[in-house]
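Predicted, not measured: the structure shown is a model, and the values here were computed from it.
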Amino acid sequence: MNKKIVHDALILTAFTLALGLILGMVYGITKNARDAASEAARKAAFQAVFADAADFKAVEYDKNEANSMIKDAGFSDTIDDVEQALAGDGSVLGYVITVTAKDGSQGSITFSVGIQNDGTVNGYSITDIGETPGLGMKAAEAAFYSQFENKKVDSFAVVKQKPSADNEIESITGSTITSKAMANGCNAAIHYFQNALGGAQS
């Protein structure tokens, strides 16, 4: 009886080890695929807000210092990545600043904001969003995000009526919270650009 118990225990242990090994291999394979897909999405977001850039170069920055600066300015967002947008000859066209807005209606929203050297905002490109379909998800539609494109402003303001100024963004109907989250994230990127990256150059 004891021999059978030991035998069964050994078989179970061997099976568990084999299963663990297989799961580990599968995780390793899928992790590489997920990482590659994530990197591709990041690069696509960069290109979306800087179509004329030939390449992008990561800027070294102190994340804690950056987020402290943003927080002190009244934003709840975080700066997740800073990239130089480079022309074919290597000259800097501007920056792509990736931010995570913490104040979406259904959670955080991560997106990249392109800002030219002269301070013109090219627009934003979302890489992670979980807002309500038909409402907050409209932040990823051209009808809304196009309002942020080619704007040289110090900050954006969300309004419920037709915009009367260049910095005004008409809110998504029924989703003012998401609209403000996108505007605040863009404003955080502008603030960081102005105060940590040298600001607008004539």
Side-chain angles (χ1 to χ4, degrees), residues 36-61 63 66-67 69-70 73 75 77-104 108-131 136-158 163 166-172 178-201:
S38 178
E39 182 61 19
R42 286 178 68 251
K43 290 295 177 67
F46 298 164
Q47 206 70 61
V49 296
F50 249 112
D52 52 348
D55 199 8
F56 300 91
K57 179 182 178 182
V59 175
E60 291 187 12
Y61 73 106
K63 191 167 186 175
N67 291 332
M69 173 192 293
I70 294 303
F75 299 103
D77 313 83
T78 59
I79 303 296
D80 299 331
D81 183 59
V82 182
E83 304 272 338
Q84 287 181 329
L86 305 176
D89 61 2
S91 60
V92 179
L93 299 172
Y95 294 87
V96 177
I97 302 170
T98 300
V99 302
T100 293
K102 306 290 187 178
D103 49 357
S108 298
I109 306 170
T110 300
F111 55 100
S112 297
V113 182
I115 305 178
Q116 298 177 35
N117 285 332
D118 68 354
T120 299
V121 176
N122 288 343
Y124 68 74
S125 180
I126 297 172
T127 53
D128 187 35
I129 184 171
E131 297 296 273
M137 284 299 290
K138 289 185 177 181
E141 296 180 5
F144 181 73
Y145 71 66
S146 62
Q147 298 182 85
F148 293 83
E149 296 176 344
N150 302 312
K151 297 290 183 71
K152 191 174 182 180
V153 298
D154 291 327
S155 64
F156 292 102
V158 173
D166 210 33
N167 72 319
E168 291 185 346
I169 302 297
E170 186 172 0
S171 174
I172 299 168
T178 304
S179 303
K180 288 183 176 180
M182 300 309 299
N184 287 340
C186 287
N187 290 344
I190 293 171
H191 182 81
Y192 187 76
F193 168 76
Q194 292 176 338
N195 293 277
L197 299 175
Q201 304 168 19

**Fill in**
In short, I79 meets K63 closest at the heavy-atom pair O-CE, 3.4 Å

**Request:** To the nearest 0.5 angstrom, please state how far the CD atom of E131 sits from the OG atom of S108.
**Result:** 9.5 Å

**Message:** Going by side chain to side chain donor-acceptor pair (under 3.5 Å), N122 matches just one of K151, E149, Q116. Which one?
**Reply:** Q116

**Message:** Between R42 and E83, does any NZ, NE, NH1 or NH2 come within less than 4.0 Å of an OD or OE carboxylate oxygen?
**Reply:** yes

**Request:** For A139 and I129, work out which heavy atoms get closest and say how close.
**Result:** CB-CD1, 4.4 Å

**Message:** Is it true that T110 and T100 share a donor-acceptor pair across their side chains at a distance under 3.5 Å?
**Reply:** yes

**Item:** Value rounded to 0.5 Å, distance of NE2 in H191 from CG in D154
**Value:** 11.5 Å

**Asked** Can you tell me how far the CE atom of M69 sits from the CZ atom of F75, to the nearest 0.5 Å?
**Response** 11.5 Å

**Request:** Compare every heavy atom of A53 with every heavy atom of F56, then report the nearest pair and how far apart it is.
**Result:** CZ-CB, 3.7 Å

**Item:** Separation between OG1 of T178 and CD1 of I109, rounded to the nearest 0.5 Å
**Value:** 5.5 Å

**Item:** Plane angle bin for Y61 and Y192 - parallel if under 30°, tilted between 30 and 60°, otherwise perpendicular
**Value:** perpendicular

**Fill in**
Closest non-hydrogen contact found for S155 with N167 is O-CB, 3.2 Å

**Prompt:** Between CG of D52 and CG of L93, what distance do you get to the nearest 0.5 Å?
**Reply:** 5.5 Å

**Request:** Can you run down the side-chain hydrogen bond (donor to acceptor under 3.5 Å, both in side chains) pairs that involve residues 85-99, sequence neighbours left out, and say none if there aren't any?
**Result:** D89-S91, T98-S112

**Message:** The criterion is ring-ring contact (aromatic ring centres under 6.0 Å, His included); which residues satisfy it with Y124, sequence neighbours excluded?
**Reply:** F111, F148

**Asked** When you check the gap from the basic side-chain N to the acidic O, do D166 and K152 get nearer than 4.0 Å?
**Response** no

